[in-house]
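Here the structure is a predicted model, which is why all the values come from computation and not from measurement. Chain letters run A, B, ... following the sequence lines, proteins first and then strands; every chain starts at 1. Heavy atoms only: backbone and side chains are in, while hydrogens, waters and symmetry mates are out.
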Number of protein chains: 2
Amino acid sequence: MHNHHSLKKEIMRRITAGEWAPGAVMPSETKLAEEYGCARTTINRALQTLAEDGLIERKRRAGTRVRELPVRQAKFNIPLVRREIEQTGAVYRPHVTLRKRLPAPNHIAARLHLPPDSEVLHLHTVHLSDGRPLAFEDRWINIEAAPGILDAPFKEISANEWLLRQTPYSSGSVSFSAENANEAHASALGVAKGAALFTIDRTTWLGERYITWVKIFYRPGYSLKSGL
Amino acid sequence: MHNHHSLKKEIMRRITAGEWAPGAVMPSETKLAEEYGCARTTINRALQTLAEDGLIERKRRAGTRVRELPVRQAKFNIPLVRREIEQTGAVYRPHVTLRKRLPAPNHIAARLHLPPDSEVLHLHTVHLSDGRPLAFEDRWINIEAAPGILDAPFKEISANEWLLRQTPYSSGSVSFSAENANEAHASALGVAKGAALFTIDRTTWLGERYITWVKIFYRPGYSLKSGL
DNA sequence: CAGTGGTCTAGACCACCAG
DNA sequence: TGGTGGTCTAGACCACTGA
């Protein structure tokens, strides 16, 4: 019982058992280390992960407190559509229905922080699972940030995956939402107009340079799961 | 430059700069420690957080590798509706439109792992932001797991918050989805039937005991944001 | 079986900040 | 200003597993 994983569990048990009231100060690292007969470093490690998990709050000098209302967090793996599909045992195929090089419309230039009329690549892709559409993707790519994209075939790998391979370690922002299918979505996905589609909206950049903005519309019934 | 935060950044820089190809083995902890002139422990800490972030993959004996396709993760704070609303400066009020104690229907008993016909509390709540509906909540509560719930007023705090205060340190599972508004949703939220609603579906338990299952339907236009 | 990462320890110094 | 958490160090042992 002297490794930080089991100590974490043990301390979590004491918290959930109500040993320290929400908002109350817990014993200091030094005291817990004495109590468990281990090094302070080990306690420190356990408490740090508990703090990351949102169960406790720590401040120098003020000590460690049990959070009044623990922060509820969920970690999601932002899905790579190909993987999602192949994990079900189905065959993945991307089907590009639009591929157009054009000067960026204003709303796209703004999103990608580009000067007006920079060239972008606009793509529509339907992601097929055993030939059946799972998701429709509307993507805008900053050509300057990914020049090779113009020659990519997208027969087996999608634009997303192509970009991921080119600039694997970019950062981004994500948001989830719901939208009614318009004509285009409906025909791409083979569903009725107005159907509720789960959407993932994502902007990606590397350093100062914006790479792509994409919105993915999932077939009705899709859900994204996570642990809490 | 000898603390694990800056070391993490520095190593991340080298990864994103392409110093080690995706899939390639990175130098061992010992070598990096020599190179940076610090203790192996410090390098270890930095690499462990990089592994948590999904940028690298580590195996004993096999060493540390740069991930081919980094895992894209997003951490979301599962919103407490009251906080969401109050953060916008609006006044929060929950409005309970249904509150019924009954034997659990089969699909609820199954979800909450209850013996058939256990008593549950069924609640419908509309979450109001300055009097305007933001979300509709359909909740089932295992009465045995939260007996005091029967007397709770829910005038100012919602059932969710009440439960959170009673059993703050429970765990759970979450999933996100989209649904078309049915009659009930539509009238509760004051939107057209068929509107696309973003939904959060959550099951909560403490140890072996299931506490509640809830589904929240957000007004059209709502989106849940996160960093990547 | 040898080298990797995982972890613990004891001691140390420091930054912070409530009393 | 003293006690808290944050971190580093050097050394140690262990678990795992690929060559």
Query raised in the report: Nearest of dT9(D), dC16(D), dG5(D) to any side-chain atom of E29(A)?
Result: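 Of all the options, the side chain of E29(A) is nearest to dG5(D).
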Query raised in the report: Which nucleotide in the set dG6(C), dT7(C), dA18(C) lies at the smallest distance from any side-chain heavy atom of H4(A)?
Result: dT7(C)
Report task. Please confirm whether the backbone N or O of F154(A) pairs with a side-chain atom of S158(A), one donor and one acceptor, at under 3.5 Å? Result ->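 Here the side-chain-to-backbone pair does not exist.
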Query raised in the report: Judged by atom type as modelled, is there a donor-acceptor pair below 3.5 Å linking the side chain of S173(B) to the main-chain atoms of R202(B)?
Result: no
Under-4.0 Å side-chain N/O to phosphate OP1/OP2 contact, [X] with [N]:
{"X": "N44(A)", "N": "dG6(D)", "result": "yes"}
{"X": "Q48(B)", "N": "dG6(C)", "result": "yes"}
{"X": "H5(A)", "N": "dT7(C)", "result": "yes"}

Query raised in the report: For S28(A), which contact category applies under a 4.0 Å heavy-atom criterion: base, sugar-phosphate, or nothing?
Result: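 Sugar-phosphate contact only.
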Requested in this report: Identify whether any heavy atom of T64(B) sits under 4.0 Å from a base atom; if not, whether one sits that close to sugar-phosphate; answer base, sugar-phosphate or nothing.
Outcome: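 Here T64(B) touches the backbone only, sparing every base.
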Report task. Can you check whether any acceptor in the base of dA2(C) is under 3.5 Å from a donor in the side chain of R61(B), or vice versa? Result -> yes
Query raised in the report: Does a distance-only test, which skips hydrogens and angles, find a donor-acceptor pair under 3.5 Å between the side chain of R40(A) and the base of dG11(C)?
Result: no
Return the value, rounded to whole Å, for the distance between atom [atom1] of [X] and atom [atom2] of [N].
{"X": "K8(A)", "N": "dT7(C)", "atom1": "NZ", "atom2": "P", "result": "12 Å"}
{"X": "I43(B)", "N": "dT9(D)", "atom1": "CD1", "atom2": "C1'", "result": "13 Å"}
{"X": "Y36(A)", "N": "dA10(C)", "atom1": "OH", "atom2": "P", "result": "18 Å"}
{"X": "L7(B)", "N": "dT9(D)", "atom1": "CG", "atom2": "C1'", "result": "13 Å"}
{"X": "L32(B)", "N": "dT4(C)", "atom1": "CG", "atom2": "C1'", "result": "13 Å"}
{"X": "R65(A)", "N": "dG5(D)", "atom1": "CZ", "atom2": "C1'", "result": "14 Å"}
{"X": "K59(B)", "N": "dG6(C)", "atom1": "NZ", "atom2": "P", "result": "12 Å"}
{"X": "R60(A)", "N": "dG6(D)", "atom1": "CZ", "atom2": "C1'", "result": "5 Å"}

Query raised in the report: Given that R45(B) and T41(B) both sit by DNA chain D, which one's nearest nucleotide is further toward the 5' end?
Result: R45(B)
**Report entry** Candidates Y222(A), Y218(A), F76(A) - the one meeting ring pair (Phe, Tyr, Trp, His ring centres under 6.0 Å) with F176(B)
**Finding:**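 Answer after filtering Y222(A), Y218(A), F76(A): F76(A).
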Query raised in the report: Side-chain donor-acceptor pair under 3.5 Å between E137(B) and H127(B), yes or no?
Result: yes
Query - Flag side-chain contact, heavy atom, 4.5 Å: L197(A) against L189(A) - result: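 They are in side-chain contact.
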